[in-house]
Amino acid sequence: RARIEDRVTVPRATNTAGAGRTAGVANTAGAGRTGGVANAPGAAHSQFVDIEGAGRPVTIEYKWIARERRNAPLAVFLHEGLGSLSMWRDWPQAVCDPVGMRGLVYSREGYGRSTPRPHLEDWPPSFMHDQAQAALPALLAALDVDPANDPPWLIGHSDGGSIALIHAALFPGSVAG
């Protein structure tokens with residue numbers, strides 16, 4: 001069974017390059033775009049869940065938007081190659097609220113406050129396929145999202161868009177769009 005913890009994000013530097021959640025390393029790749037990702041509105045409250053990713057256990061940072069809308073459609077937000085949950089800022093909320101959707105925003109392994117990528121590990125070009133075929137389904141299962149009965153809308157930016165398209169091609173009956 002997946003372990004889920006509630007945590008309040010404390011203001012500190014976030015490393016999306018994968019040097020470590022506790023290392024306190026500044027994010028040089030994306031900090032300038034958000035004015036400091038650790039204080040971004042999207043990072044206000046995140047949770048963590050353990051899943052099996054790329055053959056090893058990883059901890060994934062995630063945040064629900066309007067989870068109380070149990071019967072509303074679900075939008076899953078997949079970030080870009082230098083992004084994370086906090087880099088989305090308040091945009092997922094701004095998308096979900098006007099149309100009455102629920103939202104799930106998360107940081108993939110190696111990004112945000114999720115398990116960092118091991119030092120000097122190179123990811124093969126197929127990493128997006130691995131994310132689409134294994135990591136995303138494992139995350140949804142760990143969070144008790146049943147795509148057969150509650151197919152999500154996948155909203156991805158750049159790498160996240162590629163992951164969403166690959167996932168939809170591999171599992172066409174498990175997505176709403």
Side-chain angles (χ1 to χ4, degrees), residues 1-31 33-34 36-65 67 74 76-89 92 103-145 147 152 154-164 166-167 170-171:
R1 183 86 185 142
R3 176 184 55 85
I4 301 175
E5 296 178 39
D6 287 325
R7 297 184 189 172
V8 175
T9 302
V10 294
R12 65 181 171 82
T14 301
N15 175 10
T16 61
R21 207 181 335 177
T22 59
V25 178
N27 172 6
T28 58
R33 284 186 285 171
T34 64
V37 296
N39 294 318
H45 180 262
S46 58
Q47 298 173 291
F48 298 87
V49 64
D50 292 333
I51 66 168
E52 191 69 23
R56 63 178 175 246
V58 295
T59 300
I60 299 297
E61 174 190 27
Y62 71 96
K63 178 182 174 183
W64 284 106
I65 296 169
R67 189 173 188 189
L74 173 63
V76 177
F77 294 84
L78 296 98
H79 64 79
E80 44 110 0
L82 297 176
S84 65
L85 183 155
S86 66
M87 295 290 284
W88 282 108
R89 300 181 58 87
L104 174 61
V105 188
Y106 72 100
S107 296
R108 295 189 308 273
E109 175 189 0
Y111 299 91
R113 296 176 65 216
S114 292
T115 297
R117 179 170 59 182
H119 184 64
L120 299 178
E121 179 180 274
D122 289 327
W123 286 347
S126 63
F127 82 93
M128 286 188 265
H129 289 80
D130 298 337
Q131 289 292 314
Q133 187 171 12
L136 180 55
L139 175 65
L140 295 175
L143 297 178
D144 294 323
V145 174
L154 302 180
I155 301 172
H157 174 235
S158 192
D159 284 4
S162 296
I163 293 166
I166 294 166
H167 181 83
L170 293 170
F171 307 102

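Numbers here are sequence positions counted from 1. Any value given below was found using the heavy atoms of this structure, including those in side chains, with hydrogens, waters and symmetry copies removed. Quantities reported herein were computed from a predicted structural model and do not represent experimental measurements.
Side-chain contact between Leu104 and Pro152: absent, with no pair of heavy atoms (C-beta onward) separated by less than 4.5 Å. For the pair Met128/Asp159, a side-chain contact is recorded, criterion being any heavy-atom separation below 4.5 Å from C-beta on. When side chains are defined from C-beta on, Val105 does not count as touching Trp64, because their heavy atoms never get closer than 4.5 Å. Annotation: side chain of His157 is not in contact with side chain of Met87 (no heavy-atom distance under 4.5 Å).
With values rounded to the nearest 0.5 angstrom, Arg67 atom CZ is found 7.0 Å from Gln47 atom CD. One distance of note links CD1 of Ile163 with CZ of Arg108; it measures 4.0 Å at 0.5 Å rounding. Of the inter-residue distances, the one linking Tyr62 atom OH with Leu143 atom CG reads 5.0 Å to the nearest 0.5 angstrom. Rounded to the nearest 0.5 angstrom, Thr115 OG1 and Asp50 CG are separated by 7.5 Å. Atoms CG and CG, on Leu136 and Asp130 in that order, are 12.5 Å from each other to the nearest 0.5 Å. Separation of atoms NZ (Lys63) and CG (Leu85) is listed at 7.0 Å; rounding is to 0.5 Å.
Judged purely by distance below 3.5 Å, without hydrogens or angles, the side chains of Ser158 and Glu80 never pair a donor atom with an acceptor atom.
Of the candidates Ser86, Ser46, Ser114, Ser46 is the only one forming a side-chain hydrogen bond (donor to acceptor under 3.5 Å, both in side chains) with Glu61.
Contact record, Leu78 with Trp88: O-CZ2, 3.3 Å, taken as the closest heavy-atom pair.
Using cut-offs of 30° and 60° on the angle between ring planes, the pair Tyr111 and Trp123 is tilted.
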* To do: Using the side chain to side chain contact (heavy atoms under 4.5 Å, CB included) rule, take Val145 and Val76 through it: C-alpha gap first, then chi angles, then the decisive distance, then the call.
  => CA-CA 11 Å; Val145 174; Val76 177; over 6 Å; no
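Applying the side-chain contact (heavy atoms from CB on, under 4.5 Å) test to Pro137 and every residue at least two apart in sequence or in another chain returns His167, Phe171. Taking Ala135 as the reference, Gln131 meet the side-chain contact (heavy atoms from CB on, under 4.5 Å) condition, with sequence neighbours excluded.
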